[in-house]
Structure formats: structure tokens, C-alpha cells
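Only a predicted model underlies this, so the values are computations on that prediction, with no experimental measurement involved.
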There are 2 protein chains.
Amino acid sequence: MDQGSLAERLGRYLPLGEAERRALAALEEGERTVARGAVLRAEQAVAREFYVVRKGWLYSSVMLPEGNRQILGFHLPGDLAGDAALPWSHAPFSLTAATEVTVRVVDRTSLRGLFERHPRLALSLHALAQVERTALAERLASVGRSSAMSRVAALLVDLWRRLARAKLIPPEGVILPLTQEEIGDAVGLTAVHVNRMMRRLVETGLIARDGMRLRVLNEAGLARIGNVGGREGTPDFGWLPATAG
Amino acid sequence: MDQGSLAERLGRYLPLGEAERRALAALEEGERTVARGAVLRAEQAVAREFYVVRKGWLYSSVMLPEGNRQILGFHLPGDLAGDAALPWSHAPFSLTAATEVTVRVVDRTSLRGLFERHPRLALSLHALAQVERTALAERLASVGRSSAMSRVAALLVDLWRRLARAKLIPPEGVILPLTQEEIGDAVGLTAVHVNRMMRRLVETGLIARDGMRLRVLNEAGLARIGNVGGREGTPDFGWLPATAG
DNA sequence: CGATGATTTGAGTATTATCAATGGTAGTGG
DNA sequence: CCACTACCATTGATAATACTCAAATCATCG
């Protein structure tokens, strides 16, 4: 199946019929590739479309008036990006390429047809949005109520697990295409402090680093430090209507 | 129209047809009232339903292992609550009554019928979920990247504006049914520090308090301190299909 | 090789948390 | 009506966490 497609992503949660796969594939119109560091869509830009990440990483962020940046989330292959802009004419946050990234473009008006002809897919998309929302809530809890160590650990576990699910982790570890400043902007810390925390995680033997390459040596331990729950949260799409065509 | 109903809420964003109003009303099945402080649905409880707030306030929260609590958001009349649990069999966070609160119960499986028969409403619900998601993102930015003063100010402006939109603010000010500890749990501060910040906001003349009653004297100033944007973010549901019956 | 940007480390500071004590207010039961 | 309790707000004093500033090291790329 198409690597990083919407069909592949939704297929993780529920079985899809042939017609449904085709409908999803038809959504993804143009393809666009942007270089590392480039902004795919800026905050406040006109936003009539959203994206499906095919290859590479993206992150969404907002800038505060004093020049601080908050990174809201990272979008890996198979993730949607920019769909939170649906109910606005202008993007509430910007999308930036953490690596060179390839996305498929989905015009928001094409959701009308999808919702009319494929209610089951519509419901799945809705449920998927709620998954993202829960992830955001968990990040908020981490940033609002945990120590610096915790926050960094939580972010690393989250990324590690998502990458693992998407089968993107080779045995020698994964390349985290993030500066420590970006990590800091994601968890609400300065780059300097992120450095100290990562360093301590290495000393403790929980992770290993080599340049940008990261290996989690003790996922359970890292999860504990990060206050990250275990497997309670397996998505349950079983209540959706049974597979159509 | 039914105060705090889903129809009233969605009607704020787009015109609804008669059939659509009926379909929305049909969703809301039982009614339930719980006392201030009571838990409507606990974290990890089986979650096959979600709620529409009719009267009173609710908040959703998660507990961290060390006993810290993060309040994720407040649900005012007309808001959905617990809908983020859709893709899970067990609730990712708990719902607590901040005041005595009355909710209508919606079984998640009844969404199937709605999505099949009313794609336009389905799309609206989806868009509404994205609105909530954006609010969460803004809170994250506030907690992650602003000072204590900012965070408290941002929360107050947010609540104030939402209450104003729902026409729930009498001229003498609104009763915030929140302890300073709850405010702290929402913005990632201790109750003690929340107290100091609120006190300073009063000294500065931005707000006035009398017991639990709050009045915002200078909304623009409070918004500036809170790093809260102005009117950029007016929802745009204009791209949805035109009104059906 | 020089230039640019990221990481690393140290020293001092600031913001926010923690601890502790006091006063206020509402509710309860006698 | 009053004691009594419980919870919340307030304030001060102290401690800890994370930030700021600064400089040195490293890595990468033309």
C-alpha cells in the first residue's frame, strides 16, 4: 500500500473496503515537496487545504508576541497536518518542514463529497482528529505539570513509539531531525536546559545518542520518567459501521 | 431555541435547516444532572457516550502519577464534553462538575446515523472538534511559553469571551465557580502563585473581584498581557455545503 | 579553511514552588 | 445562636527549578 497514505493510516485502525481506499486516494490531489526548514504554510496564511505527510517530518507551531515559539506537534508519515485549520479561513498555526518533506494536498471542499458518499470514512476521520486532540491534551499535561526531565522524556517516548508503529526505526536507532532548540520549543524549555536533561538521560542509560541519531535503550524506564501511560490507549474503532464496499 | 443545545451551538456558525435541527435534537437522549464537585465520568471509565452541556460548568482533567492534576479545558453551556473519548473504549480524561451541571447524553453509535443521513452536520461537528483542538493548542502555547501573569490573564480572557458569546455575563460580572487551585491546575501554576497573580491583576485595574464574582475591566489590556490574539480567529464554515432541508 | 550553526559547560539570576501560618466564610449540628 | 469543621484565600519566608548570559567546543558545508 501507498507508504504514508491516508488509507494506510486509517487502515491501522479499521478494515477498509476497496471503494473506500479509492475514495481516500482520490482526496489526495497534488503532491508537494519542501526543503528542511522551509515553511509549508505560515500562520495566518489563507488555508483552504490540508496535508497528508508522505515522507519526512513536519511540525506545527505558533509564535507568541515576545518572539517565543511553541511547537504544537510533530507530523510523521501517515499523519494529517494542518487539518485543524478547517474551521478557519486563515491558518491558526504554521507548518514547518523538520526534514525535507513530501506531502499530498487535500482541498477542504473535497471533504464534502467524502462525507456525503462515505459516512464511514467521515466518521473515521473524525475519530482520527480526536486521537490528535488527545495527544495534544497529553502534551499539555506534560508541559503544565511535569518537571523538565519528565517533559523531555515524554517527548522522546512519544516520538519513539510513533516511529515504531510506523515502522520507521532501523536497529541502529532513528535520526531525530530536531535541534535542541526545537525540542525545547515543543516542551516549553530553553535549548540549554534541554541539553542538560538529554545529557542526564544518557548518563542514566535510558537513551543513547550519536549526533542526531537516537536510540531508546529502556523504553519502559523512559516512559516512567516521562509520566507516559502504557497501553491503556489503544484506539477502538470497533463501533463504527461495518465495512462498506 | 433550546438553551445550550447542539443546534444552538452549531447555529452560531452556520444556518441550519429544520430537518437538521430535528436530527440534532434526536441525538441528545437522556439528561443527567450532577452536583458541584462530582465526577461525571472518571478517567479510564468505559466511554461509549459523550455529553452536551446544557447548564453549568464542567471541566476535563488528567491526573499524573505524582498526584498532579492538569485541567485540560472548561466546558460551558453549548459545549461538547467527553467527545475526545470517541476513538477509545476508555475515557482518556475525567469530567468533573465545576458547578451543578446538567448535560444531555449522546451515545457515540448514534453518530453513525447522523453521519449517514446528515453529512453536512457531520462536517460541522468535525469542524467544531477542530475548533476545540485549536483552543487546546492555544492553551499549550500559553502554558509552555508564557509567564505566570500571562497564563492567568489568558485563561480569564478566554473564559470571559466565551461566556460573553454565550450571553452569560450579567452587568455586575460573572461568578467564576473555580477555586484558585483549579485555576492553577488549568494553567500549570500552584494555587499560591495564582493568588498572587490575580491580586496583581486587581491592583493593575485590569479585573475586579468580589468573592467568586469576576469582572474584566479592561479586556484589551488583559488580552495583551495574556498574549491572546484578537479577532483573527472567527470561525469560517462558509465552505460547507449549502443548507439542506 | 573559514563560516555558520548546534551542542556543551559554567556561573549567576529570576521565577515559581514549597512550607507554614493566619484569617475568612459557609455549612453542620447542637 | 454558637461552637466546630472544612475549605479557601492570603501572606511571608525560603528553596528549587529552570532561565540568562557567556564562552568554548564541534560539526558541517561551501
### Distance in Å, B/Leu155 CG paired with B/Leu189 CG, rounded so as to fall on 0.5 Å steps
10.0 Å
### Query
Once you round to the nearest 0.5 Å, how far does CZ of B/Arg224 lie from OG of B/Ser150?
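With rounding to 0.5 Å, CZ (B/Arg224) is 11.0 Å from OG (B/Ser150).
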How many whole angstroms separate atom [atom1] of [X] from atom [atom2] of [N]?
| X | N | atom1 | atom2 | answer |
| --- | --- | --- | --- | --- |
| B/Arg151 | C/dA17 | CZ | C1' | 12 Å |
| B/Ile175 | C/dA26 | CD1 | P | 12 Å |
| B/Arg36 | D/dC8 | CZ | P | 7 Å |

Side-chain contact, heavy-atom cut-off 4.5 Å: [X] with [Y]?
| X | Y | value |
| --- | --- | --- |
| A/Leu76 | A/Leu163 | yes |
| A/Arg196 | A/Arg200 | no |
| B/Val39 | B/Leu95 | no |
| B/Phe50 | B/Val105 | no |
| B/Glu28 | B/Leu6 | yes |

### Message
Let's go through A/Arg215 and A/Asp210 carefully: what are the C-alpha distance in whole Å and the side-chain angles of both, what is the deciding distance for salt bridge (charged side-chain N to carboxylate O under 4.0 Å, His left out) to 0.1 Å, and is it a yes or a no?
### Response
CA-CA 9 Å; A/Arg215 239 170 342 131; A/Asp210 176 30; over 6 Å; no
#### Entry: Those residues of residues 181-195 of chain B lying under 4.0 Å from DNA chain D by at least one heavy atom
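Under 4.0 Å from DNA chain D: B/Val192, B/Asn195.
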### Message
Using a strict heavy-atom distance below 4.0 Å, which residues from residues 196-217 of chain A are in contact with DNA chain C?
### Response
A/Arg196, A/Arg199, A/Arg209
Is the shortest side-chain N to carboxylate O distance from [X] to [Y] below 4.0 Å?
| X | Y | result |
| --- | --- | --- |
| A/Arg69 | A/Glu181 | no |
| B/Lys55 | B/Glu100 | no |
| B/Asp79 | B/Arg9 | yes |
| B/Glu172 | B/Arg213 | yes |
| B/Arg133 | A/Asp83 | yes |

### Message
Can you see if the side chain of B/Gln180 gets near the phosphate of D/dC7 - specifically, an N or O under 4.0 Å from OP1 or OP2?
### Response
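Result: no.
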### Query
Can you tell which of A/Leu156, A/Leu217, A/Val216, A/Ile225 makes a side chain to side chain contact (heavy atoms under 4.5 Å, CB included) with A/Leu206?
A/Ile225
### Summary
Taking five pairs at each terminus, the helix from C/dC1-D/dG30 to C/dG30-D/dC1 shows an axis bend, to 10°, of 40°
### Task
Could I get the full list of salt bridge (charged side-chain N to carboxylate O under 4.0 Å, His left out) partners for B/Glu49, not counting sequence neighbours?
B/Arg32
Distances under 3.5 Å only, N/O to N/O: pair up the protein atoms with those of nucleotides 28-30 of chain D.
none

Protein-nucleic acid N or O pairs under 3.5 Å, nucleotides 22-25 of chain C:
none

